[in-house]
Structure formats: structure tokens, C-alpha cells
Amino acid sequence: QELNYETGQKYIIEEITVAGETSFSEQTIITYSELRKGQEIKIPGKEISKAIKKLWNSNLFNNIEIYVKEIKGSAAFLEIRLSDLPELNQVEITGIKKSKKEKVIEENNLDKGVKVTENLITTTKNYLVNKYQKEGYLNSKVTVSTREVKDSIQKSRVDMSVFIDKGKKVKVKSIQFNGNAILKDSELRAAMKNTKKKKLYRLFKRSKYIEADYKTDLKSVIDKYKENGYRDARIVSDSLEILDSKNIALHINVEEGELYTFGNIDFIGNTVYSDDALRRLLRIKKGDTYNGVLLEKRISDETKPDALDITNLYQNNGYLFSTINPVEVSAEGNVIDLEIRIVEGKPVYFNDITVVGNEVTNDRVIYRELHTRPGQLYSKANVVRTIRELSQLGFFDAEQIGTNFLNPNPNEGSIDLEYAVVETGSSQIELQGGYGGGGFIGTLGLSFNNFSLRNILNLDAYKPVPRGDGQKLSLRLQASQFFQTYSFSFTEPWLGGKKPVQFSTSLSHTKQFLYDYQSREADRDKRFNITGVTVGLAKRLTVPDDFFTLSQALTFQHYNLKNYNTGLFTFGDGYSNNLAYTVGLTRNNTANDPIYPVRGSNFSVSAKLTIPYSLFNDVDYAALKDERNELLDVIADANNTDAQRTEASNRVGEIDQERFKWLEFYKIKFKADWYTELAKKLVLRPSLEFGFLGAYNNDRGVIPFERFFLGGDGLGSYSLDGREAIALRGYPNQSIQPVDKYGNVSNDGGTIYNKFSLELRYPITLNQSAKIFALGFLEGGTSYNSFKDYNPFNIKRSAGVGLRIFMPAFGLLGIDFGHGFDPVPGGLTKNGWETHFIIGQQF
Amino acid sequence: CSPYQKAMKSEEISEKFQVGEEMFNKGKYAKANKLFKQIVPNYRGKPQAEKLMFLYSMTFYEMKEYYLAGYQFDRFVTAYPNSEKIEEAAFLSAKSSYTLSPVYSKAQVETKEALSKLQEFINVYPNSQYMPEANAMVKELDFKLERKAYEIAKQYNKIAGYTGDYEASIKAFDNFIFDFPGSSLREDALFYKLDSAYKLAMNSIASKKETRLENAKAYYNSFKKAYAASEHIKEADKMIIDINNELETFNTKS
């Protein structure tokens, strides 16, 4: 039947039938086609083609055709012929490891039951080819074929086989330049950041050929010329030569052009800033060698959001809609005259500031951290700072904090800003059991970083714990047969909600039992209890700048001994109290990631003081000191009888009880770290530390508590006496003990220490789910017992390498291998290799 | 072997449907859901699918899986525009979003979604039996958004002693009053706006003090005019005395 499209005639549909292999009911298909019995249509006409399109778009059918079976007068009999698209039955992937197959299936949606369209086959193939070329398999080949399944199930199904031939990894054997006279081949090769020649020692950046990277590298080559005044340099041609299945060679022909210099530079359109002010930012003079890259950077440096350039001058002072365009007005005699044309626009003020995506954290916790507020002049620097500080809260994924500028209104000079955040897990649970110290040790630690104390009685808020108020709560229980430790701490960063005054409190209680060497069990009658309370306030300061924090804390510790004789105390029954006030000042402007800072520094200085009781308690400590020294002589003299010596030793205990009833000391500490990005993400971190513990009354003496123990991983080991473990890798834990002028080594820690360290860090991955970086270090430290012996440069040196892994659920874990070049005090040969395991952020 | 266990293992899809429906009627929604889940792909495009999909959506709703319920009801509404259950499905979809709407101080994605779904429902079914409930939900959700904006503006006032930025609070309250003209929090908003302006003027540098005092005075007048019986009026009256005293020093100077 011959039908003419232009002169389509009107018909009434009398009947529609469906033919072909399909598992769908006739009624469904007809309904879906939107053709109805009794409908008036044109044949040929748009209704039929619309119906075919509709069925196509369902992605369920193949070979769709609509026929006119018969025409009787004005009645038309239609037939829809189609077949079901085959469903995917099984996928077989060959040529890659089993573990990788699942990912391929997942990312291409090759699940059982999906409809196999041509599109699915093509996208799968392209995806795989791209993926392997990106990994350097230039010659990868992928074939995708389908095979019909013949079985009793009526549905049409196919098996798919994906054959992947990755081929060999292709490396670039040589990169040759032609036509270059001014710049050497090696200089141009260095400019190519991602396409590298194959070399044995190239470890971090392996040689591979990726077309997209290569294209950007060609641009870098031209940029290299532009930086040197060759404004007209271009790549005339480039070719890729296949040497064999594993190697290629690149040939690049360049034309260098001539050398240009800067001529007159005029600013046009600037009313807010003077020519001089802008010229100071530009820092380019007439007669300088032309450098297009530098010019662009001084106008707008895309690589650094906080760069000192002309665009940022305007952007940080409200001129959001300003544009700055350098225009070459003359290039006569290879001298380029420039006009920098500036359109300033109106200064822009923020109208509405909103935060979205905070599914857990309450508004008040976020809004108080914002440095952009309604009514403020727009400033890019403040936006950048807000993003940085939001990421430092640790509640949001630092990589995913975004900003959206909404409703820009250049006429009124207003804009809305929306911060988009993505919540991230910030709670840690630690549950461990281990065998150590002669018995089983169990630990249960809970740490909630975004806790909500207000909701602690609200059962609905337990998902699984009340969260969202930015408070920190941690609980820790540790027990073995020899000791039990309970601790609890709570921190509220904005006490009262008006100012960032951090309130923290902690309680802890420790019970320690003496080891009975005969029964090899804990002797519960001999015990040592320590109970402690700390209350602290820390305040962010606004002067000298707002990176400073002033912290104050009051701590009280009560030591109680029952029948417990250790080296620490000369008395077995008794007590000691430690009431101290600590004041500290820190300045932290490290950025961006708290786990892996790349710039900034971190300083802290603190003083811990007790009341100088000896000034007013009328105890003659000088006499006690003399008496004690005499008694010590008695004990040391082997000619005395046992009874005499026991009596003397008891009296020493009494004197010490008097000395330690209320501990009296002051302690000064200083610590500084610097972070510098040497190359992309390669960070150098020098640091130094110093600490000093002193006595107000030299006759009363420096207490045996609160001392510095240098060496090893620096982990806060189980400490009875407020000791501070200071890390020094390459030596055993707490092994660097002070040596007095006679060469005697003590084992009760130092009162002075200092430490220098130099660390080089390089990230392996900075994913949100796992951050891993490698490091190399050089460090040295020493500790002394008095200023008389003190020599800060007589240090124990070490060097080594290590690895850190941070995962939000586990915190920071790490391992370091350190080599100690000096003997430990009391030793004769160098200490050699030590392995340190790190938990938490110590270094 | 219970009929449920048997149906779970059965190859027969009609048996699964039948047992699933029985389970649904008995209120055993989790079991019904498991059975329906198995047969949803088999019924795609078939006439019985309409009933199945509605029951399947209902099981999620009854199991308090509101995310999935909302999604399934939405799909039902688009897939079966002629269904007699469509009004109920549209309403339950909106109600699912309403149930998911969190406290005002967190992200309000679900609140906004529920509001737009409810608004659409109200437009399409103005005579629905669910109307009173829908209106009540709209009111509650609207107030949530109001409260959010209000509390943010109030926090700017609270932290201004630290940030020094009272203007932020004034601007945010202005935005609030503009965005929610009929709000029940308007009285408080006007008062805290006055409070911000008052504190800004009092802590101002000399060169800007007079204009800021005048501004605060204007805010006081409009507050007094609108809410003469406000619980804040005593505090406001104290402020105006201070403001007038300060203004006098400017008058005597000139």
C-alpha cells in the first residue's frame, strides 16, 4: 500500500493488535503507546511516530514497527510489532583480576536483569578503554559481545562476555624537541609535569602516556617560553612514534619566535585604588622581559586562592563583580605596551548567609564559626577562611565543603551565600583486649566528637548517640588484674554560647596493685590510688591576632598509698596532693587539613604552678634537708646494723611525707612546629621543644613527679606520677635519662629537656575515608637534671622513616623505623634501629 | 512450615502476592514487604502491578521506612495517574516527607520537600478528606522554617559581643521580617533588632554614634507602635531612656 506522507489522510482506529516476541501483555503495550481505539489519526502522521518514540523511550523494546494491516473506508486496523530487549543474564569478564571484576560490573551497571541496549555495550567498552589508557595501558583493547541464552524461560536473555586485553604498560622512551635554540631539551622536558621520560630512578612519577595529560603538558611547554619572553612560541607539530609494544617516542617541533619586553603599562578604569597601589601589586616594570604567565599571576593567580594579586585586592574588599583585563595595545619593536582595563562595579554586601547539608550538626554550632555575616562587605578572604575553619571542626568532610553564590544583584550590590556541607562520622569507639604486663588488659574507649549533652535524656536523639552540639565526650575504662583506670571527660567549645570559651572537665581514678612475685598475682592489700579532677577554660583571643588561644586549668590529684613500696616514694603508707594551676598560650594557624597541614605553624608555651607553700608554712626545709642527707649516709653505710638502717629509712619516709604532702613546683614548656610546602604536597616540618621543672624552695627540692621522660614513641604510657613521655624516635621508650656530672645515670626522669626535629612528609592519599602519608625524619634530644649540667647541643641523634594512616573510625595509626646514632645514657655502643607504633597524634 | 515460609521459597509469583496480601491485612508488614519485594520485577507492566505497588509502598510506610515509602509513593503517583488510590498515595508521600523533617536547627531538605508536596496535594485535591491534616502539617512546617531564620538572627545578636557585628543581627532580622511578614515571632524579632541597634549605638565610635542612635530610636518607635503591650516593653523603655540621654549630649554640643 503506497502512502503519501504530505497528503496524510484521516482515519479512525478500529483495532490495534500486537505481534512479536514480548512478555508484556497486549493491553499494556497499547496503553503505553498512547494509541486508542476510536482515535482519529493521520496516516502517515505524527501520532504513529510519536507512539514509536514513546515505546522506544521505555528502553524495554527492540525492532519497533507499526503497520497498517487493513483499511476499510475510514477505519484503520493497526499492528504494533516489536520484540523485548534482551535482559542480561550473566557477565563474563576475562583479562583482569577477579577482585577488579566486581568494580567493573558495579560501575557499568551490568547487573542481572538490565536491558541490554547498544548504548550499554558502547559505554561499557568506552569506559574500560579509557580506564586502562589512563593507567598507562595505551594499547588496551576491549571487546564486548553478547550471546543469546536458549532455555525454557520465555524471556529473551543474553550472556555478555567482556574481553579485556590490557596489553603492556607503555612507557615514554624519549621526548625529543626540534627547533629549540633558547631553551634546552631538558628544560622543556622538566616543564612537562605529567609526561615523563622513562628512567630507573623515577619512583614517584612513573613514566606513562596519557593523552589528556600530554596535551596539558604541551601547553606547559609554551608557558615555559612565555615565562622567558617568547610570547609567540608555538608547537608546530608533534608526533607519537611507536617503538615496540612497550615503548613510544614523542617528537615535538617548536617555533620559538622572538624575545619581547614589557613597555608602558597603564591602568584604566580604577577609581578605588590608585595607579601606584596597583603597580605595587603588579611588580612589573617597563623593560622587564615579557612574561605572560607572571602577568596573569599578578592579575589573578588561579593556583592560590589567597594570593596577593590585583583580583584579590578587589575581591577582598567587596568588589565581587569587578573584572580585570590586560590588553596589549602595541607590540612595536618587540616591546609590548599594556592597558590593564578594570571594571570595578559596585561594592557588594552579603544579604543572606545560609548553610545546607547539616543533617546532624545544629545551626548554632556552625553559624558561630562563620566569618561572613549578613550585611558585611563581600570578601573572598573571609569566605576562604570560613571554609578552612569549618573543615577544622572535624564534623564535615573537608574536601566537600562548598560555596554557592545565589541571587547576585550587581545593581543593588548584594548577594546571598550558601555553604554546602556534608556531615562525616566523628565518633570513635575503641574496644580492645590484650595480653601485656603479665595479664589480660581490657580497654573500652568511647569518644564522641559532636556530642549533644542537652539531648542526653531525649530518647529520640539516640541515633545512636545524641549528636549535633559540637561537644566532645569521652569515656575510657581500662582494667587488668594489676590496675584499673576510669576516666571521663567532657568539652563544650562555646560555654554559654556567647564567646568561644572552651570549657572542659575531666575526672579520673586509677587503682594500682602491687605485683606479688611469689604468687605471680596482684596483691590487693598493697595498693596505690590516684584520683584526679581537672577543670579548664580556653579562650580564643582576638589580639594580637585571632589564631591565639589562652588556656587555664586547675588540676587536683590525690595520691594514696597503702602498704605500697616503689621507687617513687620513700614511704609505703601515706598520701600526696597535687593542686596546680596551668596557664598556656598557643597560636595555631596551620592549614588546611588538621591531619595533614601543608602550611602555617603551631606554637605553644605553658606554665604549671602550685602554691609556694614553703613561703608561709613555717617548716624548716633546710634542716630537714640536712637531716635527710645524714640519714641517707647512714643507710648507705654497710657498717651500720640493720636496725639502725631501717630506722633511718623510716625517718627518710617521714621527711618525704612532709615534703610531698602538698607538691610544690613550677613547670615551663615550649613547643613549636612549622609546616612548609616545598613542592606540591611535599611538606617540611621543623619543630623544637623545651621543658623545665623547678622548685621554689631548693631545700624542699625538685619533686620526683611531673618529670620529663625522653625516648621512644612518646605515647602517654600508664603514668602514676604525672610524668610526661616525650617522643624521641630511634631509642627505646623513656630511655634518655639524665646523666649527672659524675656520669651516673638516674631513672627517675629529667627536669630539663630539649628536642629538635626535622620531618619531611609526602601524602600517598588524602581521601576522606583514609589519609595516608609517608615521612622521613631527623631528630635529636637530650634531658638533664639540673642547669649546671645542661648542654642543649649534647643531643642523642636519630633518623628514620615512617608511615601514618588516618581513618575517621580509628584515628591516626602509624609505624616509624628510627635509627639512633648515639648510645643511650649508660650505654657504650650506638643504639641502632628501633620500631615504634603510633596511636593517636603524637608527632 | 508456615504459609509465609512456603511462599518465600515458592517459585509461584501469584502465591507470593496472595500470601503477601494476607500478611499485609494481618498487619505483618515486614513479612509482606519481603514477599512483595521478590515479585515487584515480575509484575512490571502488568495490570496487577498497580495494586501490588500500592501495597508495597504501604508496607514501607507502616514499617516507618519513610524515605523508601516517600519514594515508592512518588513512583506510584507518576506511574498510575488514573488509579483510585492516587489521592491517598500523594498524601502519604507528603506525610512521609513531613515525618522525616528534622528539628528546625538542622538542614531542612525534607521540610521543604514536604511543603512542596503538600502544596501540590492541596492544589490538586482541595476537597480531600485529608485536608485538615494537610493544613496542620503545612502550618507546622512553615513555622519550622520561620523559627530557623529567627534563631539564626538571634544568635548573631547573642555572639555580637564577641564578633562586634551587631549589623549582622539587624540585617538578618530585616531579612526575617521581609521573608515571613505574618510570623508569630515578629514581635520578638522587632525587639531583638532594636536590642542589636541599641547595643551597636552604645558601643559605637563617636563619628557614627549619632546616626546609630537615631536608627535605634526609630526601631524603638516602630516596636512601641506595633507592640505596646509586649513583654519586652519594659526593657525597650529602658533602652529609649539611654538613647535619649545620649542623643541629648549631641544636641547640647551643637
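By convention in this document, chain letters (A, B, ...) are assigned in the order of the sequence lines, proteins followed by strands, and residues within each chain are numbered from 1.
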Contacts under 3.5 angstrom, residues 64-76 of chain B side chains, donor-acceptor by atom type, not counting sequence neighbours:
residue: B:Tyr67; atom: OH; partner: B:Glu110; partner atom: OE2; Å: 2.8
residue: B:Asp74; atom: OD1; partner: B:Ser93; partner atom: OG; Å: 2.6
residue: B:Asp74; atom: OD2; partner: B:Lys117; partner atom: NZ; Å: 3.3

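- In this structure, B:Lys106 and A:Asn362 approach most closely via the heavy-atom pair CE-OD1, 3.3 Å.
- Atoms OG1 and NZ, on A:Thr354 and B:Lys148 in that order, are 9.0 Å from each other to the nearest 0.5 Å.
- In this view, B:His232 and B:Phe191, B:Tyr192 satisfy the ring-ring contact (aromatic ring centres under 6.0 Å, His included) rule, not counting sequence neighbours.
- Most heavy-atom pairs under 4.5 Å with chain B, from the set A:Val356, A:Val355, A:Val360: that is A:Val360.
- Among residues 158-170 of chain B, the residues having any heavy atom closer than 4.5 Å to a heavy atom of chain A are, in sequence order, B:Lys158, B:Ile159, B:Tyr162, B:Thr163, B:Asp165, B:Glu167, B:Ala168.
- With a 6.0 Å radius and a threshold of 12 heavy atoms from other residues, nucleotides or ligands, A:Glu412 has its CD atom at or below the threshold.
- Residue contact with chain B, scored on non-hydrogen atoms closer than 4.5 Å, involves the side chain of A:Phe24 exclusively.
- Counting non-hydrogen atoms of other residues, nucleotides and ligands closer than 6.0 Å to NZ of A:Lys112 gives a total of 12 or fewer.
- Per-residue counts of heavy-atom pairs under 4.5 Å with chain B were compared for A:Asn351, A:Thr361, A:Asp352; the largest is that of A:Asn351.
- For B:Glu120, the CD atom is loosely surrounded, since the number of other residues' heavy atoms within 6.0 Å does not exceed 12.
- A:Phe350 touches chain B through its backbone: at least one of N, CA, C or O sits under 4.5 Å from a heavy atom, while the side chain does not.
- By the 6.0 Å contact criterion, NZ on A:Lys499 is open, its count of non-hydrogen atoms from other residues, nucleotides or ligands being 12 or less.
- Here B:Lys171 contributes atom NZ and A:Ile353 contributes atom CD1; the two are 10.5 Å apart, rounded to the nearest 0.5 Å.
- More than 12 heavy atoms of other residues, nucleotides or ligands sit less than 6.0 Å from atom NZ of B:Lys209.
- Nearest heavy-atom pair across B:Ala107 and A:Gly357 is CB-N, 3.6 Å.
- Under the 4.5 Å side-chain criterion, counting only non-hydrogen atoms from C-beta, B:Ser105 is in contact with A:Arg364.
- Applying the ring-ring contact (aromatic ring centres under 6.0 Å, His included) criterion to B:Tyr104, with sequence neighbours excluded, gives no partner residue.
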